[in-house]
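One is the number of the first residue; the rest follow in order along the sequence.
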Amino acid sequence: MKLILASGSPRRVELLEKMGLTFQVEPSNTDETLEPGLTPQQEVVHLSLGKAQAVAAGHSEPAVVLSADTVVELDGKILGKPHSEAEAAEMLRALSGRSHRVLTGVTVMGSEGTMTHCEETEVYFRPLTEEEMQWYVGTGEPMDKAGAYGIRGYAAMFIEKIHGDCYNVMGLPVCRVGLMLRQAGIPLLGAEA
């Protein structure tokens, strides 16, 4: 069965490759505007489902579509990708010395049906100095990341501890995705489905 990743995220591509999967990348061009009235958990599932549906609609042959959407949630508020350096610095100030949650909505859609899940990981930031935040924003790294940081980059030195799937913070909860793909008939670890 063909596997399609409905995302152009290099981090998601890398994680699926590390799982030993063969897949094609087909980013979804769906609207990612937040729906009013949804909780952050409902929002990421809603967005991932929309991405999977959009990509699946373009295929007539049997395939399994995997999509994901990741946000940072702090005090019930979603911190998406910053639109400016000032907004990135503001997000980092809010995260400094506190814990927050990284939420990833995952959808696996195939001929057997659709599965969705919201994975939650709690991340603890140490207190940051103003100089550290300004330097980090100046690297440009926060600008395309939810919550204005990337765990695999310079911001790794800001993180004291993590509770949950560390790969979820990179944008794809590998353990959960493996279970969902296996249930959808995608062979894992060289085994036949």
Side-chain angles (χ1 to χ4, degrees), residues 3-21 23 25-28 30 32 34-35 37-56 64-81 91 94-95 98-110 112-125 142 144-153 155-156 158-186 188-189:
L3 175 61
I4 301 169
L5 174 62
S7 172
S9 163
R11 292 167 294 281
R12 290 185 182 124
V13 167
E14 180 184 352
L15 289 171
L16 281 182
E17 287 173 345
K18 288 184 185 255
M19 291 173 72
L21 295 168
F23 58 96
V25 175
E26 191 173 320
S28 167
T30 58
E32 295 193 30
L34 300 178
E35 287 284 323
L38 296 181
T39 66
Q41 293 87 343
Q42 292 168 327
E43 188 64 49
V44 291
V45 169
H46 172 75
L47 290 172
S48 73
L49 180 60
K51 291 176 183 182
Q53 289 170 332
V55 170
V64 172
V65 177
L66 166 66
S67 64
D69 193 81
T70 301
V71 298
V72 169
E73 181 265 326
L74 180 67
D75 299 330
K77 179 182 174 191
I78 291 177
L79 303 180
K81 296 176 184 176
M91 287 182 189
L95 297 173
R98 299 192 57 199
S99 69
H100 61 274
R101 293 186 303 165
V102 176
L103 309 173
T104 301
V106 178
T107 298
V108 172
M109 182 177 286
E112 299 298 315
T114 301
M115 294 173 273
T116 60
H117 178 76
C118 177
E119 188 75 23
E120 299 185 25
T121 302
E122 193 159 10
V123 180
Y124 295 78
F125 263 39
D144 71 336
K145 312 278 190 311
Y149 76 93
I151 191 172
R152 294 186 56 201
F158 302 155
I159 298 170
E160 289 183 325
K161 60 184 171 181
I162 296 172
H163 288 157
D165 186 335
C166 65
Y167 295 108
N168 187 45
V169 185
M170 295 179 215
L172 198 68
V174 172
C175 181
R176 175 65 58 183
V177 167
L179 293 171
M180 292 171 78
L181 290 176
R182 184 174 66 193
Q183 189 174 342
I186 298 295
L188 301 175
L189 305 173

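Between the side chain of S67 and the main chain of S48, a donor-acceptor pair closer than 3.5 Å is present.
Atom CG of residue D165 and atom CD of residue E119 lie 5.5 Å apart, to the nearest 0.5 angstrom. Between I151 atom CD1 and R11 atom CZ the span is 12.0 Å, to the nearest 0.5 Å. Separating the CD atom in E120 from the CD atom in Q41 is a distance of 4.5 Å, to the nearest 0.5 Å.
Using a 4.5 Å heavy-atom cutoff, the side chains of F23 and L16 are in contact. Counting heavy atoms from C-beta on, the side chains of L74 and R98 come closer than 4.5 Å. Using a 4.5 Å cut-off on side-chain heavy atoms (C-beta onward), P40 and L103 make contact. Annotation: side chain of V106 is in contact with side chain of V177 (closest heavy-atom distance under 4.5 Å). The shortest distance between side-chain heavy atoms of V123 and Y149 falls below 4.5 Å. The closest side-chain heavy-atom distance from L3 to L181 is below 4.5 Å. Counting only heavy atoms from C-beta outward, the side chains of L15 and M170 approach each other to under 4.5 Å. At a threshold of 4.5 Å between non-hydrogen side-chain atoms, the residues I186 and L21 count as touching.
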- Message: Please determine whether side chain to side chain contact (heavy atoms under 4.5 Å, CB included) holds for the pair V174 and M19, giving the CA-CA distance in whole Å, both sets of side-chain angles, and the decisive distance to 0.1 Å.
- Response: CA-CA 8 Å; V174 172; M19 291 173 72; 3.7 Å; yes

- Item | Residue pair M109, L49: steps toward the side chain to side chain contact (heavy atoms under 4.5 Å, CB included) verdict | CA-CA 9 Å; M109 182 177 286; L49 180 60; 3.9 Å; yes

- Query: side chain to side chain contact (heavy atoms under 4.5 Å, CB included) between L95 and F125: does it pass, once the steps are laid out?
  - Reply: CA-CA 7 Å; L95 297 173; F125 263 39; 3.9 Å; yes

- Message: Walk me through whether Q183 and M180 qualify under side chain to side chain contact (heavy atoms under 4.5 Å, CB included).
- Response: CA-CA 5 Å; Q183 189 174 342; M180 292 171 78; 5.7 Å; no

- In sequence, state the C-alpha distance, the side-chain angles, and the governing distance for R101 and D75, and then conclude on salt bridge (charged side-chain N to carboxylate O under 4.0 Å, His left out). CA-CA 9 Å; R101 293 186 303 165; D75 299 330; over 6 Å; no

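In this structure, Y167 places its OH atom where only 12 or fewer heavy-atom neighbours from other residues, nucleotides or ligands lie under 6.0 Å away. Around the CD atom of E160, the shell of radius 6.0 Å holds more than 12 heavy atoms that belong to other residues, nucleotides or ligands.
With salt bridges taken as basic N to acidic carboxylate O contacts below 4.0 Å, none links K77 and E73.
Closest heavy-atom contact between T30 and G50: CG2-O, 3.5 Å. Across all non-hydrogen atoms, the minimal contact from P142 to A148 is CB-O, 2.9 Å. When every heavy atom of A184 is checked against every heavy atom of M115, the shortest pair comes out as CB-CE, 3.8 Å.
T70 and R12 are linked by a side-chain donor-acceptor pair at a separation below 3.5 angstrom, with hydrogens and angles left out of the test. With hydrogens and angles left out, the side-chain atoms of T104 and N168 include a donor and acceptor closer than 3.5 Å.
Exactly one residue among V25, V64, V55 makes a side-chain contact (heavy atoms from CB on, under 4.5 Å) with I4. That residue is V55.
Between H163 and Y124, the ring centre distance stays below 6.0 Å.
Scanning for side chain to side chain donor-acceptor pair (under 3.5 Å) contacts around K51 gives D69, with sequence neighbours left out.
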